[in-house]
There are 4 protein chains.
Amino acid sequence: MARKLVPEQHEGKRHEILEAAHRCFLRHGLQGASVSMICKEAGISPGHLYHYFPSKEAIVEQMADEYLARLHGVFGRQRETGDAATVLLSEIWSMESWEDTAHCRILFELLAEAGRNERVRAILARNTDGVRVLLSQVLKAGQERGEVDPALDPEHTSAMLIAIVDAAPMLPLMVPGIRFDESRALITTMVRRFLRPEGQV
Amino acid sequence: MARKLVPEQHEGKRHEILEAAHRCFLRHGLQGASVSMICKEAGISPGHLYHYFPSKEAIVEQMADEYLARLHGVFGRQRETGDAATVLLSEIWSMESWEDTAHCRILFELLAEAGRNERVRAILARNTDGVRVLLSQVLKAGQERGEVDPALDPEHTSAMLIAIVDAAPMLPLMVPGIRFDESRALITTMVRRFLRPEGQV
Amino acid sequence: MARKLVPEQHEGKRHEILEAAHRCFLRHGLQGASVSMICKEAGISPGHLYHYFPSKEAIVEQMADEYLARLHGVFGRQRETGDAATVLLSEIWSMESWEDTAHCRILFELLAEAGRNERVRAILARNTDGVRVLLSQVLKAGQERGEVDPALDPEHTSAMLIAIVDAAPMLPLMVPGIRFDESRALITTMVRRFLRPEGQV
Amino acid sequence: MARKLVPEQHEGKRHEILEAAHRCFLRHGLQGASVSMICKEAGISPGHLYHYFPSKEAIVEQMADEYLARLHGVFGRQRETGDAATVLLSEIWSMESWEDTAHCRILFELLAEAGRNERVRAILARNTDGVRVLLSQVLKAGQERGEVDPALDPEHTSAMLIAIVDAAPMLPLMVPGIRFDESRALITTMVRRFLRPEGQV
DNA sequence: TATGAATGAGGGTTCATTCAT
DNA sequence: GATGAATGAACCCTCATTCAT
């Protein structure tokens, strides 16, 4: 009798491979990580990987999609827990040290790749858009409550805030030894002052 | 004698090769750009390239060094021309459109590489340090003139500002169609409000 | 009982697979057509194919055998319908255009393969022999009736005629645009004159 | 000082590689012969081969071109040496045994490939055209001298004769043990009778 | 200085085949 | 009978680098 289809198993394996790929990409870069490396990390044979993905390119793209969705998922979960700045920075405040931001460095890989690869750029844009909508809502709610300067355009401001949050992991690369908690506090201060309505102290 | 000019010629050629490499790295990434591509772009033979550089790695590192020095050179030139925020953002204000930031995308390549390559990380750190010193001086001068909040630590703040400036080129990658002048204005607003002494409007 | 039908079902499936293989071989060549392609064309899984054939080699060989038997079957069916040349060329006259010869191009695949693969050569030889016997009989009958030059050795002549018939499909490959009916008429003329007893016009 | 360009050396090496490729293709087929096999046969490294040819496809095509030009070169050389049939069959008469036709089997590879590869088909067509022109001239001259039936269309007839000559090497594949000299004699007879003006014995 | 011939390891990918279910 | 997961060798090709000239 034919073996029953087990799509969940298939999906599970796909996910495992994507995670293995993520680790390899972190260590060696999107281009530096070879398919055979990913296979070794995932514990499968090179031929078998192509049972799950049609190409390395597809692995990169799906890894990017899954990673960004998870990364930005933090926002969705904390939407109603506090004032605007707190929610906007929830991603950063969910981390404790630069080590926690290490996996974020895949973002630089993706930004670099997005600069020359239209498909990766589209994936980045699509995922950013999702967060932008959330942040815009938070900003508008803040404006209605008088916590956020009504002169700020929610669309542009949310984009800017995402950029700042995503840029944070570059700090320890540029300034080795810089302290995580101090940087986080500074970013928070900056964002608070930025959003605060004029004349309010 | 003619011989004396030779070392300058040598340096000139090295510089040409580094610029060719920069263009290739922009188009294909640090790992995606091959030595033979760089040779073609520079108009020399592969064997000859190794007369000027011991390895591709060395090309990356020296390109990074030269690029970062030039990029941050803007700060040094405009140190005394205005208030703190103006000087701090002079790099952004020296650009007119996202096209002008295209060459900056090599920064993402370098940040991605810095995440896994100690030597590139050191180069990034060294060059950032140079700008940090300049920005710290600007901030301190601003604090003395009462233009900048004295509660802000100049060291940390300057690091943060560099990160923000360097993060700007990621905006069009994440939000296709976002306008350059609006983004620039928003960044400026943010930085002004951030630096402004408390109670001052 | 139902069980008795199983072997026939088995043979039917084998035949289906061989036909799928034939189509793939036509499109991509004996070596260019992969097992997984054949499986897709036949609508079965790769594992299942090995239930019917021990190897790809076996598929090639049995496809060759079946194909050649069918191709040359035309001769057997028209043995008594006309003069020697007509019968000898019945294969060509059963076709209407170069499109009808398309499936014959598998012959070039087989000839190419026969040049380096002893087993395929044997299959080709065995199937050719079958036709040769038929054609020799036709030639001998023609000689007895005075229609065919008695000086021609039936064995050699029949081999030559098979080669000519099998070579016809190469004409459109070498001379694109060449007309089918004109070529067929020319071949017929050639064969008639060849076989005709000396002195007879 | 730069090494002087030695284009002849380059061309010489290319030719060597093409010959090595030809041998490999004969042994294993166009698709069955691997690049690394060709490299081993040519005594070079796999990377180096791509100094001379951009792809395996290019090797096949140039090998085909060179091979066909050489093969059909025989015709050009013997144009004025005898009667029409002799010239037309000069290619066959320049050989002594089936061994001499072995290298011709590459033709079956090319015919098989031409059936699915437009570029190879074009190469085949172009090279055939060259011979067709020569043979047509021979036929017309023969018609003027009264040696060749004036009713035969030189264009079509020459195409047919090329097909017959090229089909000869398939004889030993289909009929193992068939004798070369007998086959050659039979082909000659056939062609003579075919071309001979009606009524002439 | 400068060339391009030369290497061989490794790139991503496909292959024929096997096996547990 | 039938599936598709799994293998690992081999596919074509590109890589960074060296070397004789």
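Here the structure is a predicted model, which is why all the values come from computation and not from measurement. Residue numbering restarts at 1 for every chain, and letters A, B, ... go by the order of the sequence lines.
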Candidates [options] - which lies nearest the side chain of [X]:
X	options	answer
C:H10	F:dG1, E:dA2, E:dT13	F:dG1
D:Y52	E:dA5, E:dG11, F:dA2	E:dA5
D:H48	E:dA6, F:dC12, E:dA2	E:dA6
D:S45	F:dC13, E:dT7, F:dT3	E:dT7

List, one per line, each side-chain donor-acceptor pair under 3.5 Å for residues 20-29 of chain A, sequence neighbours excluded.
residue	atom	partner	partner atom	Å
A:R23	NE	A:E41	OE2	2.6
A:R23	NH2	A:E41	OE2	3.2
A:R27	NH2	A:E41	OE1	2.6

Does [N] have its OP1 or OP2 closer than 4.0 Å to a side-chain nitrogen or oxygen of [X]?
X	N	result
A:H51	F:dA5	yes
D:S55	F:dC12	no
D:S36	F:dC11	yes

Is A:R121 salt-bridged to A:E118, going by a charged N under 4.0 Å from an acidic O?
no
Check the pair D:H51, D:I44 against side-chain contact (heavy atoms from CB on, under 4.5 Å), reporting the backbone distance first and the verdict last.
CA-CA 11 Å; D:H51 227 70; D:I44 62 173; over 6 Å; no
Take D:G47 and A:Q31, find for each the nucleotide of DNA chain E with the closest heavy atom, and name the residue whose nucleotide sits nearer the 5' end.
D:G47
Taking for each residue the nucleotide of DNA chain E bearing the nearest heavy atom, is the 5' side occupied by B:K13 or by C:M37?
B:K13
Rounded to the Å, how far apart are [X] [atom1] and [N] [atom2]?
X	N	atom1	atom2	result
D:E57	F:dC11	CD	P	18 Å
D:L49	F:dC11	CG	C1'	14 Å
A:R14	F:dA5	CZ	P	12 Å
D:E11	E:dA5	CD	P	11 Å
D:F53	F:dT14	CZ	P	15 Å
B:H28	F:dT14	NE2	P	13 Å
B:Y50	E:dG4	OH	P	17 Å
A:E16	F:dA5	CD	P	14 Å

Euclidean distance, B:E57 CD relative to B:E113 CD, rounded to 0.5 Å
8.0 Å
If you round to the nearest 0.5 Å, how far is CG of A:L68 from CZ of A:R70?
9.5 Å
Quick one: label [X] by what it contacts on the DNA or RNA (base, sugar-phosphate, nothing), any heavy atom closer than 4.0 Å.
X	answer
C:S34	sugar-phosphate
B:A58	nothing
D:V35	sugar-phosphate

Using the criterion of both pairing distances under 3.5 Å for Watson-Crick and G-U wobble pairs, give all stems of 3 or more consecutive pairs involving DNA chain E.
E:2-21 with F:2-21
Please work out whether the ring planes of B:H48 and B:Y52 are parallel, tilted or perpendicular, with thresholds of 30° and 60°.
perpendicular
Taking for each residue the nucleotide of DNA chain F with the nearest heavy atom, is it A:I44 or D:P54 whose nucleotide lies nearer the 5' end?
A:I44
Taking for each residue the nucleotide of DNA chain F with the nearest heavy atom, is it A:G43 or D:K56 whose nucleotide lies nearer the 5' end?
A:G43
Who passes salt bridge (Lys or Arg N to Asp or Glu O under 4.0 Å) against C:E66, sequence neighbours left out?
none
If you look at every heavy atom in D:L30 and D:E109, which pair is closest and at what distance?
N-OE1, 3.4 Å
